[in-house]
Amino acid sequence: MSFSGEVKTELCRLPVTRSCCARAEAYGALLYGHTFSPLEIRVVTGQEVFAERLQRIFRRAFGFGFDEGVPARSENKGEKSRRKYSLVISEKEKIRQIFAAFGYEASNTLSLHINLSVLEDECCRTSFLRGAFLAGGSVTDPAKRYHLELVTDHQAVSRELYSLLLEMGFMPKDTMRAGNPVTYFKQSEAIEDILTTMGAPLAAMQMMQEKVLKDMRNAVNRKVNCDSANADKIVTAAGEQLAAIRRVEQQRGLDSLPEALQEAALLRIANPEASLTELAMLADPPVSKSCMSHRLRKLAALGESGEEEDA
């Protein structure tokens with residue numbers, strides 16, 4: 001099951017208690033579902049738990065469920081077959097009652113909007129958001145990226161949800177995709193908060209844990225890359241130093257060097273992959289990193305000029 005499916009399964013485990021919240025959740029599902037018109041109400045879902053929850057919610061909210069005898073069907077997508085549940089209400093009186101519950105008149109409603117008077121209580125706003133997500137939302141696996149979105153066919157509804165989310169303390173973004181308005185979030189903290197608000201704290205916790213693991217992996221990768229870059233620098237510098245030492249040896253011999261420079265040259269020859277810090281510790285007596293660097297720079301200068309210098 002996808003992460004989005006796990007989130008919706010967790011949400012569907014929440015009890016259906018207050019009738020006002022059941023009505024608000026049904027409202028969100030209808031506005032973000034497949035069809036909500038005076039001729040037909042249809043919600044299509046690939047999750048059996050959501051299909052069962054919708055039946056309970058509608059009975060709690062309106063006193064009746066969806067029409068009987070609506071079969072589940074399968075859709076073939078590539079090699080996978082995915083079952084779809086299509087829940088339909090086509091009886092005119094049922095549709096009229098549902099429209100009336102949200103302040104609409106089925107006979108003359110041309111465009112849908114969010115009737116905020118139905119969502120006066122905070123619990124009802126949360127329920128509305130949960131219904132909208134269950135019907136028209138999705139969230140990406142946090143191991144891949146951070147993205148939560150809600151998609152509807154109704155532009156006014158999308159604009160009003162955007163304003164509603166702002167009032168609830170969220171900072172959504174919006175766009176258009178294939179002619180449909182999309183409200184979305186891309187920041188992990190915002191997605192965690194909205195999942196918790198809707199009633200999926202376990203999914204929010206999973207997302208937090210995945211973010212910690214991702215941060216740890218990134219930190220390790222940065223350390224490895226940094227160490228690799230430093231190793232490359234050490235190898236390059238050591239190669240240049242060894243070349244200079246060989247020139248000095250050919251020009252005058254290492255025995256002609258001051259004792260400190262001679263020791264530095266012999267240490268570099270014996271430890272071609274050692275860092276400056278390691279070479280400094282190998283000196284007798286040990287010296288500072290800057291002192292060893294100074295001696296090796298003098299050797300490099302001697303190798304270029306052929307002139308003798310004091311340590």
Could you check S37 against T35 for side-chain hydrogen bond (donor to acceptor under 3.5 Å, both in side chains), going step by step and ending with a plain yes or no? CA-CA 6 Å; S37 75; T35 305; over 6 Å; no

Between R268 and N271, is there a donor-acceptor pair closer than 3.5 Å when you use the side chain of the first and the backbone of the second? yes

Under 3.5 Å, side chain of E25 to main-chain N/O of R130, donor-acceptor pair present? no

Check whether any side-chain N or O of Q155 sits under 3.5 Å from a backbone N or O of P181 as a donor-acceptor pair, and report yes or no. no

Looking only at non-hydrogen atoms, find the nearest pair between Y184 and E149 and report the distance. CB-CB, 3.9 Å

For A135 and A29 the tightest heavy-atom approach is CB-O, 3.4 Å

Tell me, please, which residues at least two apart from K92 pass salt bridge (charged side-chain N to carboxylate O under 4.0 Å, His left out). none

Is there a path from L134 to I98 through hydrophobic residues (I, L, V, M, F, W, Y) whose side chains come within less than 4.5 Å of each other? yes

Counting neighbours of CE on M205 that are heavy atoms of other residues, nucleotides or ligands and sit closer than 6.0 Å, is the number greater than 12? no

With the side chain counted from C-beta on, respond yes when S188 and M207 share a heavy-atom pair under 4.5 Å apart, and no when they do not. yes

Taking R23 for the side chain and F62 for the main chain, is one N or O donor matched with an acceptor at less than 3.5 Å? no

State plainly whether one hydrophobic cluster holds both F170 and V139, where clusters connect Ile, Leu, Val, Met, Phe, Trp and Tyr through side-chain heavy atoms under 4.5 angstrom apart. yes

Parallel, tilted or perpendicular, judged at 30° and 60°: which one describes the rings of Y27 and F102? parallel

F128 versus L31: any side-chain heavy-atom pair under 4.5 Å? yes

Does NZ belonging to K186 count more than 12 external heavy atoms closer than 6.0 Å? yes

I'd like to know if R96 pairs up with E93 as an ion pair, taking the criterion as any Lys NZ or Arg NE/NH1/NH2 lying under 4.0 Å from an Asp or Glu carboxylate oxygen. yes

Taking every non-hydrogen atom, the tightest pair across A265 and L254: CB-CD2, 4.2 Å

Looking at residues at least two apart in the chain, or sitting in another chain, which of them share a salt bridge (charged side-chain N to carboxylate O under 4.0 Å, His left out) with E160? none

Is it the case that the side chain of E10 and the backbone of L202 share a donor-acceptor pair, with hydrogens and angles ignored and the cut-off at 3.5 Å? yes

Which hydrophobic side chains are connected to L39, either touching it within the sub-4.5 Å cutoff or through other members that do? none

Do V49 and Y32 share a hydrophobic cluster, counting only Ile, Leu, Val, Met, Phe, Trp and Tyr and linking them when any side-chain heavy atoms are less than 4.5 Å apart? no

Does C123 offer a backbone N or O that forms a donor-acceptor pair with the side chain of D121 under 3.5 Å? no

With the 4.5 Å side-chain cut-off for hydrophobic clustering, are M168 and L148 part of the same group? yes

More than 12 heavy atoms of other groups within 6.0 Å of H147 NE2: yes

Between E189 and K211, is there a salt bridge with N-O shorter than 4.0 Å? yes

Keeping the roles fixed (side chain from K8, backbone from G137), state whether a donor-acceptor pair exists under 3.5 Å. yes

Please indicate whether E52 has more than 12 foreign heavy atoms, meaning atoms of other residues, nucleotides or ligands, lying under 6.0 Å from its CD. yes

Under 3.5 Å, is there a donor-acceptor pair between the S275 and T277 side chains? no

For F185 against A190, the heavy-atom pair lying closest together: CD2-CB, 3.9 Å

Considering residues, nucleotides and ligands other than M171, do more than 12 of their heavy atoms fall under 6.0 Å from its CE? no

Can a donor-acceptor pair be found, under 3.5 Å and without considering hydrogens, that links the side chain of R53 to the backbone of V16? no

Side-chain heavy-atom pair D153, L112 within 4.5 angstrom cut-off: no

Within the supplied structure, the quantity of interest is the number of heavy atoms (other residues, nucleotides, ligands) at a distance under 6.0 Å from E122 CD; does it exceed 12? no

Candidate pair F64 and E91, rule side chain to side chain contact (heavy atoms under 4.5 Å, CB included), full reasoning: CA-CA 11 Å; F64 55 81; E91 293 183 23; over 6 Å; no

Could you tell me whether the side chains of S293 and R297 share a donor-acceptor contact shorter than 3.5 Å? yes

